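Accompanying notes for the structure given below.
Heavy-atom basis, side chains included; hydrogens, waters and symmetry copies ignored. Whatever order the structure lists ligands and atoms in, that order sets their numbers, starting from 1. Given the structure is predicted, the values throughout are model-derived calculations rather than measurements.
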Amino acid sequence: MRTSNFHSITVRFLRLDDVPALIRLEQKCWTAEQAADGAALRRRIRRHPQLCVGAFDAKTGEALASLFMKPVLPNTVAAARRWHDCAQADAPRDDQATRSLFGISLTSVEPRASWSLIRFFWPHALRHGWRDIYLGSPIPGLARTVAKCGNVDVEGYVNERRGDLPRDPQLRYYHRRGFREVVAVRPGYFPHEQSMDYGVVLRGRIPLSRLWPLWRCVPLAWLQRMSGIIDALT
Ligand SMILES: CC(C)(COP(=O)(O)OP(=O)(O)OC[C@H]1O[C@@H](n2cnc3c(N)ncnc32)[C@H](O)[C@@H]1OP(=O)(O)O)[C@@H](O)C(=O)NCCC(=O)NCCS
């Protein structure tokens, strides 16, 4: 999905007064059943304001991309059968209990905006010591493949490659952004017609996060100046 006529992009942590613009963005990218409503968006921002990021058209203020995350225990991800189980579960109370995040949702109408979210968040992730991000990806090529080929082994489809990249367009999209480890393939994960309701739980390591003891001592502004190198690291 792409916008036209947008100007330069402003990226920042989300605020409650962004919710009307975020609802408009949700409505552009998700079906009525899939889109988060205002209450869900407010809840995410209130609970984890440092893990909710948005990109906006600098001139009009329209939201171009949003990313909502929360802390998660890897065991919760492994046990979850549905997106809802991770998205709604209470985050660990102790902020030090986990170094992992769950990407509740990524929504975008402009590829430069979605990439700018990753670049913006990376220095904050290094500073905080986050190591990896889990997310549940749709596999929108599945229904089309089943219609063409009949019965399809879904795990086989997920692992199928075209050259070095996954066959499914959305898995390919995430692969290019560093989400390369398939943790689980879940039937009935979320309502998504083209994916026949399957979801694929992916894990992406945050580049250079193993050096956290070092990054903790480095000023954020210095890490922000480094953020351009993430293009080369993913
Ligand atoms: C997935 C999403 C965030 C990507 O947004 P973006 O960074 O602005 O990038 P684009 O939408 O231009 O997609 C880039 C490429 O990824 C691939 N892709 C990503 N998602 C896809 C999908 N659902 N179906 C088909 N192709 C998809 C396409 O191949 C596209 O290639 P193109 O450049 O040839 O068009 C956006 O499409 C979106 O908000 N989709 C709906 C919500 C969603 O599925 N979110 C992710 C699950 S949490």
Side-chain angles (χ1 to χ4, degrees), residues 1-6 9 11 14 21-37 40-41 44 51-57 62-70 72 77 80 82-88 101-122 133-148 157-158 160-180 182-186 189-204 230-231 234:
M1 275 166 249
R2 305 227 169 142
T3 52
S4 53
N5 301 328
F6 85 97
I9 297 173
V11 191
L14 291 171
L22 294 169
I23 292 175
R24 286 194 290 280
L25 176 65
E26 291 276 322
Q27 288 168 346
K28 283 180 204 161
C29 296
W30 298 97
T31 65
E33 193 183 10
Q34 296 163 344
D37 62 15
L41 296 169
R44 292 175 192 171
L51 298 175
C52 298
V53 191
F56 298 85
D57 182 315
E62 266 316 290
L64 300 172
S66 65
L67 173 63
F68 295 90
M69 294 168 287
K70 63 187 282 190
V72 77
V77 180
R82 298 176 311 145
W83 171 83
H84 195 268
D85 299 338
C86 276
Q88 301 293 93
L101 294 170
F102 181 70
I104 303 170
S105 88
L106 170 67
T107 306
S108 168
V109 289
E110 166 53 50
R112 280 197 286 164
S114 60
W115 189 242
S116 70
L117 297 180
I118 294 171
R119 284 175 70 143
F120 172 85
F121 183 66
W122 184 58
I133 305 178
Y134 293 86
L135 61 82
S137 174
I139 37 175
L142 180 64
R144 203 171 48 235
T145 304
V146 168
K148 209 165 96 187
Y157 170 78
V158 166
E160 213 174 306
R161 291 282 189 272
R162 291 280 158 82
D164 286 342
L165 297 171
R167 172 181 178 176
D168 183 84
Q170 199 145 357
L171 293 182
R172 203 157 58 229
Y173 175 86
Y174 280 124
H175 185 99
R176 288 194 175 113
R177 280 155 181 75
F179 290 87
R180 298 193 177 142
V182 174
V183 176
V185 179
R186 301 277 189 228
Y189 191 70
F190 39 34
H192 201 276
E193 196 177 340
Q194 295 165 301
S195 309
M196 302 176 75
D197 295 349
Y198 274 87
V200 175
V201 181
L202 298 174
R203 174 172 176 248
I230 193 163
D231 302 23
T234 44

Response to the item:
Between the OG atom in S105 and the CH2 atom in W30, the distance rounded to the nearest 0.5 Å is 6.0 Å
Discussion item. Using a 6.0 Å cut-off, check whether atom CZ of R144 has over 12 heavy atoms from anything other than its own residue.
Written reply: no
Response to the item:
Looking at S114, P138, S108, A113, the heavy atom closest to atom 39 (O) of ligand 1 belongs to S108
Practice prompt. Could you tell me if any non-hydrogen atom of L135 lies under 4.0 Å from any atom of ligand 1?
Written response: no
Discussion item. Can you tell me how far apart CD (Q194) and CG (L142) are? Round to the nearest 0.5 Å.
Written reply: 10.5 Å
Fill in: Side chain, backbone, both or neither: C29 near ligand 1, heavy atoms under 4.0 Å
both
Practice prompt. Have a look at ligand 1 and work out which part of A65, if any, has a heavy atom under 4.0 Å from it: side chain, backbone, both or neither.
Written response: neither
Item to complete: Answer yes or no: does an N/O atom from G136 fall short of 3.5 Å to an N/O atom of ligand 1?
Response: no
Fill in: Per atom 20 (N) of ligand 1, closest listed option by heavy atom (R144, Q170, H192, R176)
Q170
Worksheet item: Sequence neighbours excluded, which residues qualify as ring pair (Phe, Tyr, Trp, His ring centres under 6.0 Å) partners of F179?
Response: Y174
Worksheet entry | Y174 neighbourhood, listing ligand 1 atoms whose heavy-atom distance to it stays under 4.0 Å | 46 (C), 47 (C), 48 (S)
Item to complete: Would you kindly specify which portion of W30 sits under 4.0 Å from ligand 1, judged on non-hydrogen atoms: side chain, backbone, both or neither?
Response: side chain
Item to complete: Mind checking salt bridge (Lys or Arg N to Asp or Glu O under 4.0 Å) for D85 and listing every partner two or more places apart, or none if nothing turns up?
Response: R82
Worksheet item: Do any N/O atoms on S105 end up under 3.5 angstrom from N/O atoms on ligand 1?
Response: no
Discussion item. At under 4.0 Å between heavy atoms, is it the side chain or the backbone of P140 that contacts ligand 1, or both, or neither?
Written reply: side chain
Worksheet item: Can R177 be said to sit on top of Y173's aromatic six-ring, NZ or CZ under 6.0 Å from centre and within 45° of the ring axis?
Response: yes
Worksheet entry | Neighbour count >12 (heavy atoms, 6.0 Å) for atom CD, E193 | no
Item to complete: Please identify which atoms of ligand 1 are closer than 4.0 Å to at least one heavy atom of E110.
Response: 8 (O)
Worksheet item: About how many Å separate CD1 of I23 and NZ of K28, when rounded to the nearest 0.5 Å?
Response: 13.0 Å
